[in-house]
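Below, chains carry the letters A, B, ... as their sequence lines are ordered, and counting in each starts from 1.
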Number of protein chains: 2
Amino acid sequence: MEEPRKRARPGRSPAPAGRTARPRQAEVARHAGVSQATVSLVLADKREGPAISEETRQRVLEAARSLGYVPDPAARRLAAARNNLLGVFSFTATFPTEVQHSYYPFLVGVEREAAERGYDLVLFTGSSTGGAGAAGPEALGRVRLADGCLFLGRHAPVQELARLVADGFPVVHLGRRDDPEGLHWVGADYVSAAHEVVGHLAALGHRRMVLIREDDEAPASTDREHGFLKGLETAGLPGGPETVFRSADPARDLTPERLRGWLADGVTAFVAEETDTGAAWRALLRAAADAGLDCPRDASLALLGSPPADLADGPEPTGFDIPRTRLGAAAVRMLAALVAGEEATEPLVACAFRPGATSGPPPAVHGH
Amino acid sequence: MEEPRKRARPGRSPAPAGRTARPRQAEVARHAGVSQATVSLVLADKREGPAISEETRQRVLEAARSLGYVPDPAARRLAAARNNLLGVFSFTATFPTEVQHSYYPFLVGVEREAAERGYDLVLFTGSSTGGAGAAGPEALGRVRLADGCLFLGRHAPVQELARLVADGFPVVHLGRRDDPEGLHWVGADYVSAAHEVVGHLAALGHRRMVLIREDDEAPASTDREHGFLKGLETAGLPGGPETVFRSADPARDLTPERLRGWLADGVTAFVAEETDTGAAWRALLRAAADAGLDCPRDASLALLGSPPADLADGPEPTGFDIPRTRLGAAAVRMLAALVAGEEATEPLVACAFRPGATSGPPPAVHGH
DNA sequence: TTGTACGCGTTATCAA
DNA sequence: TTGATAACGCGTACAA
């Protein structure tokens, strides 16, 4: 006796009382009377590779089932196989209390598509919550547990994202984003959608229109402007800088007087971009009301997106809806492709045109 | 030559093109001129354990920083025998399209509490979606991937749950449930809440009231009845079976005539239980309206729960709100305790009393 | 104070 | 067809 007994479970804290350890492949092997490697082979169920006798196969499967065996994702990951786990990391709470920027519609699509493809989801509790990811750079490193990760929200730290991308870790960002070179993303096709809205107005007979936008350089904004201008071009209408009104504070700068001035110049339709705050749209509605305009009789209004929640009761704006659920699905689709080592799928998702009630034919020209 | 060269990275598929391997502790160690174990010690930064010379410490930290070292979560978890992962398994889609039975409020609490405690969440794509869990009972086995799992929804298969519980796998069910012996759950304290509602009515002066309930034996129903009867007792009011009206189809059985009969008998307040369909409350509102009752002048109404979404516009019912967010948090709290090998925490969460607008003093007694 | 050795659970290769 | 075996990256007991 006294022989140096094997060190008990080194590297592990003692198992909690009453807790039965999950069965391992080794245990399944013992029950089936085979080696652990055989278990691995059977469970991998590869087409190629060494064939296994049906008899052994069944024994192993039965043992695994009866023991409730489930592969350890960490070990699997370590051995460079896959998890069937897709990560979701948001930089605000994934389920925010303020419904304002709720990811719910995205998640519907994400869950559906992930289920479809046999993936489970890992929700990494974001940094904002002060949760698991509060501390430093390792916060983002956690996502490497999954086979790939989806990022939501504007405040993704470029450095860390770049690192993941550089390491070849499959990453998809929700929303167009150029910042870390080579970052994959899915986003709404604002260019086409804005283009379509302009086409709709032009078809109604509008010859001059103005885009109201805020003063930032977010891709979502520039895309809309781009689509707006392209729409004018397609319709053979005059473009140029004077068709875009840009203001850091539309509520202040978009006065009823200015609106009247445009009208006097022959402008008959106004298009506002959508932003988080909805400032442009709000200002436009306000100015039109203050100017005593009856919409759409006196002028047509359109919104490049969906109205903010608090304006949901008002008349349905002509414009388009962002297909959030389909965006979520598209993101998962792309992520799955990257995980599989395939090419990234189509990043753009079409928006749904919304006829709405704020546009109509331009007013008949009075006077001569 | 020809000596059997070391097999290149066994156990791994070939690294995807362009993929740079991240630095490992071993590499940090080389750069710092120490052993890998020392790197691990320095990075762990434990209070106890072997002390490290400040000199070495700095060299290691510097090397780690300059190489951009990030620990591999999979390896870390493999070594630590813990995931920091809590599972969430729902038997309907976790993010249903029909807002009717949305788990959103629960998830808010779940996410918040999980983040607080440093856990990430695994959303197991449920069986209903035909997703990863479509196949038979083994679907549930997947949850063993996490350190513990939360179950949502009514249709949890008892067999499989029992299996998990028997194996000592930490499981918490959302909603009271006795079925698999030893299953842990968290639920709303309907008994106290119903008790409080009765107390409120009694304090207003009501001496006789009737509970309208459907004809099932769900814990949520019996708890409410129990609380209702206890409330009567506390208030010193007559209880007994005639104070409970039980019907499999309240819409049919709860006629205006019956209501008038009760009123004639001196009943001045009616309490409806809440169910998925809201049938009892609907029938009560309908009968009161048909009987030409002005509520709360002629009679007081109360609802043991929250009104169904389609009745949200109506007058706010006296009753209580189920604290779903806090329930989610409580579930995570209990699950975390079980994972840590501690005792289960308090399963009951208090409901929030809602004064509402459907109750008031009983009508003055006319006649003599 | 630091280095050596081992095991966590898995996959993949190779020899039997 | 199956069983050893190496290795993934990290944490820790133990020896130096």
_Along DNA chain C (nearest heavy atom to each residue), the more 5'-positioned of A:Gln36 and B:Gln36_ =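 Going by which nucleotide is closer to the 5' end, it is B:Gln36.
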*B:Ala75 or B:Glu54: which one's nearest nucleotide on DNA chain C is closer to the 5' end?*
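On the 5' side of the pair lies B:Glu54.
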Can you tell me the distance, in whole Å, between the [atom1] atom of [X] and the [atom2] atom of [N]?
X       : N      : atom1 : atom2 : answer
A:Glu27 : C:dC8  : CD    : C1'   : 15 Å
A:Arg57 : D:dT2  : CZ    : C1'   : 16 Å
B:Leu43 : D:dC10 : CG    : C1'   : 11 Å
B:Arg30 : C:dT2  : CZ    : P     : 20 Å
A:Leu41 : C:dC14 : CG    : P     : 14 Å

Would you say [X] places a side-chain N or O within less than 4.0 Å of OP1 or OP2 belonging to [N]?
X       : N      : answer
A:Arg76 : C:dT11 : yes
A:Thr56 : D:dT2  : yes
B:Gln25 : D:dG11 : yes
B:Thr38 : C:dG3  : yes

Counting heavy atoms from C-beta on, name the nucleotide in [options] closest to the side chain of [X].
X       : options               : value
B:Leu78 : D:dC10, C:dT4, C:dG9  : C:dG9
A:Asp72 : D:dC10, D:dT2, C:dG9  : C:dG9
B:Ile52 : C:dT2, C:dT10, C:dG9  : C:dT2
A:Ser40 : D:dC10, C:dT11, C:dG3 : C:dT11
B:Ser35 : C:dG7, D:dT2, C:dT4   : C:dT4

NZ/NE/NH1/NH2 to OD/OE distance under 4.0 Å, [X] and [Y]:
X       : Y        : result
B:Asp72 : A:Arg144 : no
A:Glu62 : A:Arg65  : yes
B:Arg57 : B:Glu54  : yes

*Please, which pairs that meet salt bridge (charged side-chain N to carboxylate O under 4.0 Å, His left out) have at least one residue in residues 333-342 of chain B, sequence neighbours excluded?*
B:Glu113-B:Arg333
*Does B:Ser35 have any side chain to side chain contact (heavy atoms under 4.5 Å, CB included) partners at least two apart in sequence or in another chain, and if so, which?*
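Result, side chain to side chain contact (heavy atoms under 4.5 Å, CB included) vs B:Ser35: B:Ala37, B:Thr38.
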*Base, sugar-phosphate alone, or nothing: which one does B:Val39 contact when heavy atoms must sit under 4.0 Å apart?*
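Here B:Val39 touches no strand at all.
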